[in-house]
Amino acid sequence: MCDQENYVVFLLDEKRYALYLTAVERVVHAVYVTPLAKAPDIVLGVVSLQGRIVPVFNVRRRFHLSEREVHLADQIIFARTERRTVALWVDMVTGVIECDKSDVTHAGDILPAMEYVRGVIQLDDGLVLVHDLDAFLSLDEEKLLDGALEASHSL
């Protein structure tokens, strides 16, 4: 049994967040995002990934961070949730880290209402918040997104 887990670490406003490596399909440089009418506020629009239409989330809005202009160095992380493939617009992916499962403090042990965060990793140079992709959209937002995606297919 392996007691190690790998995480893809990314930055938003110099703060570090992570996703489980097993959920990440790929990381690409910023591309044009087609707006999607009637989508939830956190959806920037959609992009095509090998013929699949994938919603792009504005992670800054979800985490209540200030908006900023798009930079050429921005990146998009394509990842899988239980229900769909999604894309997260981030400032920069810094790499992959490996740590012991015992080094991850579950969010509920810190503060029960830490939405969208599954856990916290303590590194020598600071903390990394492990993002919970499956809790990213509320049920209402899921329904809105599904409706917007269906409407875009019928155009």
Side-chain angles (χ1 to χ4, degrees), residues 2-36 39-50 52-138 141-142 144-145 148-149:
C2 181
D3 288 336
Q4 299 283 311
E5 289 186 311
N6 294 312
Y7 301 90
V8 174
V9 178
F10 62 93
L11 297 178
L12 292 170
D13 286 344
E14 303 301 317
K15 293 176 188 70
R16 291 184 295 184
Y17 299 86
L19 296 171
Y20 288 100
L21 178 62
T22 55
V24 175
E25 286 186 18
R26 69 180 60 198
V27 177
V28 301
H29 288 284
V31 296
Y32 177 76
V33 175
T34 302
L36 183 63
D41 187 46
I42 61 162
V43 176
L44 289 171
V46 293
V47 295
S48 176
L49 176 65
Q50 298 174 323
R52 290 182 292 163
I53 302 302
V54 179
V56 179
F57 296 147
N58 183 335
V59 186
R60 294 175 161 282
R61 286 184 192 155
R62 176 53 75 212
F63 291 152
H64 306 291
L65 300 173
S66 61
E67 297 282 335
R68 72 164 177 71
E69 291 293 319
V70 171
H71 297 122
L72 288 176
D74 288 354
Q75 293 180 297
I76 298 175
I77 301 172
F78 288 93
R80 291 176 308 281
T81 70
E82 290 178 359
R83 295 171 297 282
R84 69 179 80 233
T85 296
V86 297
L88 306 178
W89 192 284
V90 301
D91 296 355
M92 176 191 310
V93 172
T94 61
V96 175
I97 60 170
E98 179 180 78
C99 66
D100 288 330
K101 290 179 182 179
S102 62
D103 291 337
V104 179
T105 304
H106 291 279
D109 295 341
I110 300 167
L111 187 63
M114 285 184 73
E115 290 182 297
Y116 323 117
V117 175
R118 181 170 280 171
V120 179
I121 302 169
Q122 172 94 37
L123 299 177
D124 292 338
D125 61 346
L127 301 176
V128 178
L129 300 177
V130 179
H131 184 57
D132 185 353
L133 264 183
D134 291 316
F136 196 73
L137 288 178
S138 70
E141 289 169 331
E142 281 276 349
L144 272 174
L145 178 56
L149 288 168

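Bear in mind that the values here come from a model prediction, so they are computed numbers and not experimental data. Heads up: numbering here begins at 1 and tracks the sequence.
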Q: What are the two closest heavy atoms between Asp13 and Ser66, and how far apart are they?
A: OD2-OG, 3.9 Å

Q: For the CG atom of Leu19 and the OG1 atom of Thr81, what is their distance to the nearest 0.5 Å?
A: 11.5 Å

Q: Are any non-hydrogen side-chain atoms of Val28 and Gln75 less than 4.5 angstrom apart?
A: no

Q: The criterion is salt bridge (Lys or Arg N to Asp or Glu O under 4.0 Å); which residues satisfy it with Arg61, sequence neighbours excluded?
A: Asp41, Glu67

Q: When rounded to the nearest 0.5 angstrom, what is the spacing between CZ in Phe57 and CG in Leu145?
A: 5.5 Å

Q: Identify, with sequence neighbours excluded, every residue that meets salt bridge (Lys or Arg N to Asp or Glu O under 4.0 Å) alongside Asp132.
A: Arg118

Q: Which pairs pass salt bridge (Lys or Arg N to Asp or Glu O under 4.0 Å) with one or both residues in residues 20-35, sequence neighbours excluded?
A: Glu25-Arg52, Glu25-Arg80

Q: Do Lys15 and Leu129 have side chains that approach each other closer than 4.5 Å (heavy atoms only, starting at C-beta)?
A: no

Q: By salt bridge (Lys or Arg N to Asp or Glu O under 4.0 Å), which residues pair with Arg68, not counting sequence neighbours?
A: Asp74, Asp91

Q: Residues two or more places apart in sequence or in another chain: which of them pass side chain to side chain contact (heavy atoms under 4.5 Å, CB included) with Leu123?
A: Arg16, Ile97, Ile121, Asp125, Val128

Q: With rounding to the nearest 0.5 Å, note down the distance linking OG in Ser102 to CG in Asp3.
A: 7.0 Å

Q: To the nearest 0.5 angstrom, please state how far the CD1 atom of Ile53 sits from the CG atom of Leu149.
A: 8.5 Å

Q: Nearest 0.5 Å please: distance from the CG atom of Asn58 over to the CG atom of Leu44.
A: 4.5 Å

Q: Ring pair (Phe, Tyr, Trp, His ring centres under 6.0 Å): which pairs involve residues 67-98, sequence neighbours left out?
A: none

Q: Name all residues meeting the side chain to side chain contact (heavy atoms under 4.5 Å, CB included) criterion together with Glu98; count only those two or more places apart in sequence or in a different chain, and write none if there are none.
A: Gln4, Asn6

Q: Considering all heavy atoms of both residues, which atom of Val46 and which atom of Pro55 are nearest to each other, and what is their separation?
A: CG1-CA, 4.0 Å

Q: Could you pull out the closest heavy-atom pair between Ala79 and Leu133, with the gap in Å?
A: CB-CD1, 3.4 Å

Q: With Arg62, which residues qualify under side chain to side chain donor-acceptor pair (under 3.5 Å), at least two apart?
A: Tyr116, Glu141

Q: List the residues meeting salt bridge (Lys or Arg N to Asp or Glu O under 4.0 Å) with Arg84, not counting sequence neighbours, and say none if there are none.
A: Glu142, Asp146

Q: Under the ring pair (Phe, Tyr, Trp, His ring centres under 6.0 Å) test, which residues partner Tyr17, sequence neighbours left out?
A: Phe10, Phe63

Q: Taking atom CG of Leu72 and atom NE2 of His29, what is their separation to the nearest 0.5 Å?
A: 10.0 Å

